[in-house]
Amino acid sequence: QVQLVESGGGLVQAGGSLRLSCAASGLTFRYYAMGWFRQAPGKERDIVAAISWSGGSTYYADSVKGRFTISRDNAKNTVYLQMNSLKPEDTAVYYCTAHRSYSDYVSPYVNDYDYWGQGTQVTVSS
């Protein structure tokens, strides 16, 4: 079975940094686009960033452009989200996710993603 396991969340002050990691198993990692979504209480689950199977295409939500960087290491079956200059509005549960891709394509749509991790809490204090 497919498992996506997030780590790296925690409590940080505004302006600080965190790096999230997601270790994948049970899938052919190279042939999946990977993404990070986040969900705050009472809000929809929204995309943060995504990266294609080759790493050649990325997508970022406008709210995180210039602050967050997504990357992947296919040899380690791991995707990362480096989060800098964190803001209180970044507080949410962050979910690692994957969708099957037959080209160097990355989807920004939640319904296109096939597998989800359990999430890791990120809390940014002011």
Q. Can you name the nearest heavy-atom pair linking Ile70 to Thr58, along with the distance?
A. CG2-CG2, 4.1 Å
**Q.** Partner set under side chain to side chain contact (heavy atoms under 4.5 Å, CB included) for Arg19, not counting sequence neighbours
**A.** Ser21, Tyr80, Gln82
**Q.** Residue list, side chain to side chain contact (heavy atoms under 4.5 Å, CB included) with Thr28, at least two apart or on another chain
**A.** Tyr31
Q: Heavy atoms only: give me the nearest Ala14-Pro88 pair and the separation to one decimal.
A: CB-CD, 4.1 Å
Q) With no hydrogens and no angle check, is any side-chain donor or acceptor of Thr123 less than 3.5 Å from a backbone partner on Leu11? A) no
Q. Hey, is the main chain of Leu20 close enough, under 3.5 Å, to the side chain of Glu6 for a donor-acceptor pair?
A. no
Q.
As an exercise, state the distance from OG1 of Thr69 to CG of Asn84, rounded to the nearest 0.5 Å.
A. 6.5 Å
Q: Verify the cluster assignment for Phe68 and Ile47: are they in a single hydrophobic cluster under the rule of side-chain heavy atoms below 4.5 Å apart?
A: no
Q) Which residue pairs pass the disulfide bond (SG atoms under 2.5 Å apart) test with at least one member in residues 91-126, sequence neighbours excluded? A) Cys22-Cys96
Q: Return the set of residues passing side chain to side chain donor-acceptor pair (under 3.5 Å) with Arg72 (not counting sequence neighbours), or none when no residue passes.
A: Asn74
Q: With sequence neighbours excluded, give me every salt bridge (charged side-chain N to carboxylate O under 4.0 Å, His left out) pair touching residues 92-108.
A: none
Q. Is there a donor-acceptor pair under 3.5 Å between the side chain of Trp53 and the backbone N or O of Ser101?
A. no
Q | Cluster link Val110 to Tyr59, ILVMFWY, side chain under 4.5 Å | A | yes
**Q.** Shortest non-hydrogen contact from Ser85 toward Ser17
**A.** N-OG, 4.3 Å
(Q) Are there over 12 heavy-atom neighbours, none belonging to Glu89, within less than 6.0 Å of that residue's CD? (A) yes
Q: Provide the closest heavy-atom pair for Ile51 versus Val106 in the form atom of the first, atom of the second, distance.
A: N-CG2, 3.6 Å
Q: Could you please spell out the steps behind the side chain to side chain contact (heavy atoms under 4.5 Å, CB included) verdict for Trp36 and Thr97?
A: CA-CA 6 Å; Trp36 292 92; Thr97 187; over 6 Å; no
Q) For Met83 and Val122, which heavy atoms make the closest approach, and how far apart are they? A) CE-CG2, 3.9 Å
Q | With Ser107 via side chain to side chain donor-acceptor pair (under 3.5 Å) - residues at least two apart | A | Asp112
Q. Who pairs with Ala98 by side chain to side chain contact (heavy atoms under 4.5 Å, CB included), at least two apart in sequence or on another chain?
A. Leu4, Leu27, Tyr32, Met34
Q: Give the cluster check for Val64 versus Leu81: same hydrophobic cluster or not, with ILVMFWY residues linked at side-chain heavy-atom distances below 4.5 Å.
A: yes
(Q) I need the Gln1 CD to Ser25 OG distance, nearest 0.5 Å. (A) 8.0 Å
Q.
Can you list everything that forms a side chain to side chain donor-acceptor pair (under 3.5 Å) with Asp62? Sequence neighbours excluded, please.
A. Lys65
Q | Listed partners of Tyr113 passing ring pair (Phe, Tyr, Trp, His ring centres under 6.0 Å), at least two apart | A | Phe37, His99
Q. Is there any salt bridge (charged side-chain N to carboxylate O under 4.0 Å, His left out) pair reaching into residues 32-47, and which pairs are they, with sequence neighbours excluded?
A. Arg38-Asp90
Q) Are the side chain of Ser52 and the backbone N or O of Ser57 linked by a donor-acceptor pair below 3.5 Å? A) yes
Q: Return the set of residues passing side chain to side chain contact (heavy atoms under 4.5 Å, CB included) with Val93 (not counting sequence neighbours), or none when no residue passes.
A: Tyr95, Gln121
**Q.** By side chain to side chain donor-acceptor pair (under 3.5 Å) - contacts of Ser71 (at least two apart)
**A.** none
Q) Do any N or O atoms from the side chain of Thr78 and from the backbone of Lys76 form a donor-acceptor pair under 3.5 angstrom? A) yes
